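Below is one structure, written out as structure tokens; the observations come after it.
Predicted, not measured: the structure shown is a model, and the values here were computed from it. The residues of the chain are indexed from 1 along the displayed sequence.
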Amino acid sequence: LVLLDNMLDGQVSARFSVPIIRQANRDTPIVIISNNIDVDYLKDPAAIGVDAVVDKADLGTFLEGILAKYNANVDSLQHA
């Protein structure tokens, strides 16, 4: 999982950095985190090649959800 801040160095946005990261990590999920998810290009995650866009204020909840899914998968594999 790659968590990528939308704005790097104050000027470089996800529109620039996602294609570079995607090329190096084709199968790795990419999630953009931003304090402003209302920017037009963040409204359609698939259009910029990411799996999700998450508001920084909701990042903890988002990660808890991922961890819960991971733990459920581990539990199911252990009991298989």
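- In the hydrophobic cluster analysis, where Ile, Leu, Val, Met, Phe, Trp and Tyr join through side-chain heavy atoms closer than 4.5 angstrom, Val18 is grouped together with Phe16.
- Atom-to-atom distance recorded for Lys56:NZ and Asn36:CG is 10.5 Å, nearest 0.5 angstrom.
- Only one option out of Ile33, Ile37, Asp44 pairs with Val53 in a side chain to side chain contact (heavy atoms under 4.5 Å, CB included); it is Ile37.
- Ile66 and Val54 fall within the same hydrophobic cluster, defined by Ile, Leu, Val, Met, Phe, Trp and Tyr side-chain heavy atoms under 4.5 Å apart, directly or through other members.
- Asp5 contributes a side-chain N or O that, together with a main-chain N or O of Met7, makes up a donor-acceptor pair within less than 3.5 Å.
- Every pair passing salt bridge (charged side-chain N to carboxylate O under 4.0 Å, His left out) that includes a residue from residues 30-42 is listed here, sequence neighbours excluded: Asp40-Lys43.
- Between Ile30 and Asn25 the shortest side-chain heavy-atom distance does not fall below 4.5 Å.
- Each of Val2, Val50, Leu1 was evaluated against Val31; a single residue qualifies, Leu1, per the side chain to side chain contact (heavy atoms under 4.5 Å, CB included) test.
- Residues in residues 13-31 take part in these salt bridge (charged side-chain N to carboxylate O under 4.0 Å, His left out) pairs, two or more places apart or across chains: Arg22-Asp51.
- Nearest heavy atom pair, residue Ile48 against residue Ile32, reads CD1-CG1, 4.4 Å.
- Note that CG of Leu59 and CD of Glu64 are 10.0 Å apart. Values are rounded to the nearest 0.5 Å.
- Nearest approach of Ala14 to Pro19, heavy atoms of both residues: O-CD, 4.1 Å.
- What you find for Ser17 and Leu4 is that their closest heavy atoms are OG-CD2, 3.4 Å.
- Here the CZ-CG distance, from Phe62 to Leu3, works out to 7.0 Å after rounding to the nearest 0.5 Å.
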